[in-house]
2 protein chains.
Amino acid sequence: MTPRSAPHRSAGRPRAAVLSRELILEAAFALADERGADFTLAALARKLDVRPSALHHYFAGKDELIAGMRGRLTLRVGDHGFGTLPWYEAVVPWARAYRSTLGAHPGIIAALATLPVAGEPESISDYERIAEAFRRDGYPEHRVVPAIVAIESFVIGSALDALAPDDNLRPVHRPDLAPALEGAERAARLHAAEQGASAATAAFEFGLEALIAGLRAAGR
Amino acid sequence: MTPRSAPHRSAGRPRAAVLSRELILEAAFALADERGADFTLAALARKLDVRPSALHHYFAGKDELIAGMRGRLTLRVGDHGFGTLPWYEAVVPWARAYRSTLGAHPGIIAALATLPVAGEPESISDYERIAEAFRRDGYPEHRVVPAIVAIESFVIGSALDALAPDDNLRPVHRPDLAPALEGAERAARLHAAEQGASAATAAFEFGLEALIAGLRAAGR
DNA sequence: ACCTGAACACCGTTCAAGT
DNA sequence: ACCTGAACACCGTTCAAGT
């Protein structure tokens, strides 16, 4: 958004390194946080007062940069008591934090969701803590990963849903053609407003509770 | 993928229109179906043997094109007996068809999920049928839309999950650091293989069943 | 080793010009 | 009205050249 001047640095190796993977990732999150900002390497380079090609010294390409971001994303989501609380309690604040952290980075949700986690130590250790909680609580072993994947899929889908307009399912143009939807959408919107939540957040909380209840029942 | 020659057409209005919204949308789906093909207006124009700028005559921009695709996507998913079956039965084949239809168009899932549906008649009438089934079955009105949104979020997240590598959560590099995850991932993979399904599909079916069970319980 | 700077093959979008 | 063709402001990536 804010235009930056071209780097005033002259060619050649600087006396001390200007960049680092840490610095780049930090700036990448700051850029992704800016609403409406295009998440491009060029914009990232401008933010760092550097030429785009300099970034390729630290990340092979854009995909690898995003993979690096996901590792840090896991740290941002944080632990939420999987070590002490039962999985079905700890998973609620975890899912909330996961969704809102994803929601702060609209442009890259799909990329973050799709890219392989294999080999990202932070992500693996996060899943390990969660899987261990399920195991400890006696959840059937072959259903632990499906349960985690189901919750994660729901969270990611909900993060995307939160990006859509709040009255997304409202049949504004021809309410008469969709009477059931019109009534249901209005009732849901009012009910959400009473709780001081957006329609998307209310749907997320409702669905999360239902999903967890269903997963608990399937584990007995 | 397949290189096309530049349009041999000369400038000026052709005697009969070469393009139409229908033709463009059809080609757009064909392009999106091609695995690994970049979903760009330039590639779409090449497929139609037309200059990119010609597309702007039918769609204001890329976003509007994708919005048009979603309308047709709804038709592709199809009805699944919401008129006759209880919602919790009809929703299962609907969710399966929705997920696999989305899965056939990897590059645009996020865009399809995020763009507003407001004013797309096909989408609205689809939701109307589903909302009407919930109402008819006595589901609390203010929870109908949250339930639909929850299912849709799960489906979209699952479609994205299906694009990731099948052993996405497998701690290949250092299994010793993630023993619970390693065991759970192996058990899930074997269990899925026994049913002849991919790990992603098994997780989807398991999660869908759990979510629906939870939503049913929340509606009583 | 770490950056600039130039170059390459792309994008999406706008718009004049042709029929 | 419906297309081409040229132009514009961008991309991501590669690589030689500088220190």
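Proteins come first, then strands; the chains are lettered A, B, ... in the order of their sequence lines, and each starts at number 1. These numbers were taken from a predicted model, which means no experiment stands behind them.
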Legend entry - Value in whole Å for how far the P atom of dA1(D) lies from CG of Leu19(B): 16 Å
Legend entry - Summary of protein contacts for nucleotides 12-19 of chain C, nucleotide by nucleotide, where a base hit scores B, a sugar-phosphate-only hit scores S (4.0 Å, heavy atoms): SBBB--BB
Only pairs under 3.5 Å count here: list side-chain donor-acceptor contacts from residues 147-165 of chain A, not counting sequence neighbours, and write none if there are none.
unit_1    : atom_1 : unit_2    : atom_2 : d
Glu152(A) : OE1    : Tyr127(A) : OH     : 2.9
Glu152(A) : OE2    : Tyr98(A)  : OH     : 2.7
Glu152(A) : OE2    : Tyr127(A) : OH     : 2.3
Ser153(A) : OG     : Val149(A) : O      : 2.9
Ser158(A) : OG     : Phe154(A) : O      : 2.7

Inset, instruction - Using whole Å, report how far CG of Asp49(B) lies from P of dC2(D). - result: 18 Å
Inset, instruction - Could you state the atom-to-atom distance from CZ of Arg15(B) to P of dT4(D) in whole Å? - result: 16 Å
Inset, instruction - Kindly point out which of dT4(C), dC2(D), dC11(C) is positioned nearest to the side chain of His57(B)? - result: dC2(D)
Legend entry - From dC2(C), dC11(D), dT4(D), nucleotide with atom closest to Tyr58(A) side chain: dC2(C)
Inset, instruction - Would you confirm whether Glu64(B), through its side chain, and Phe59(B), through its main-chain N or O, come within 3.5 Å as a donor-acceptor pair? - result: no
Inset, instruction - Not counting sequence neighbours, which residues clear side-chain contact (heavy atoms from CB on, under 4.5 Å) with Arg13(B)? List them please. - result: none
Inset, instruction - Report yes if at least one side-chain N or O of Arg46(B) is closer than 4.0 Å to OP1 or OP2 of dC10(C); otherwise report no. - result: no
Inset, instruction - Would you indicate, yes or no, if dT4(C) has its OP1 or OP2 atom less than 4.0 angstrom from a side-chain nitrogen or oxygen of Arg9(A)? - result: yes
Legend entry - Length of the CZ-P vector between Arg21(A) and dC3(C), whole Å: 14 Å
Legend entry - Lys/Arg N to Asp/Glu carboxylate O, Glu26(A) vs Arg72(A), below 4.0 Å: no
Legend entry - Ionic contact status for Glu34(B) with Lys47(B), cut-off 4.0 Å: yes
Legend entry - Below 4.0 Å: OP1/OP2 of dG5(C) and any side-chain N or O of Arg51(A): yes
Legend entry - Watson-Crick and G-U pairing of DNA chain D written in dot-bracket, each distance under 3.5 angstrom, with | for inter-strand partners: ||.|||||...|||||.||
Legend entry - Cationic N near anionic O, under 4.0 Å, Arg129(A) to Asp126(A): yes
Inset, instruction - Verify, without hydrogens or angle tests, whether Glu182(A) (side chain) and Arg170(A) (backbone) share a donor-acceptor contact under 3.5 angstrom. - result: no
Legend entry - Residue list, ring-ring contact (aromatic ring centres under 6.0 Å, His included) with Phe206(B), at least two apart or on another chain: none
Legend entry - Results of side-chain contact (heavy atoms from CB on, under 4.5 Å) for Ala97(B) - residues two or more places apart only: Val77(B), His80(B)
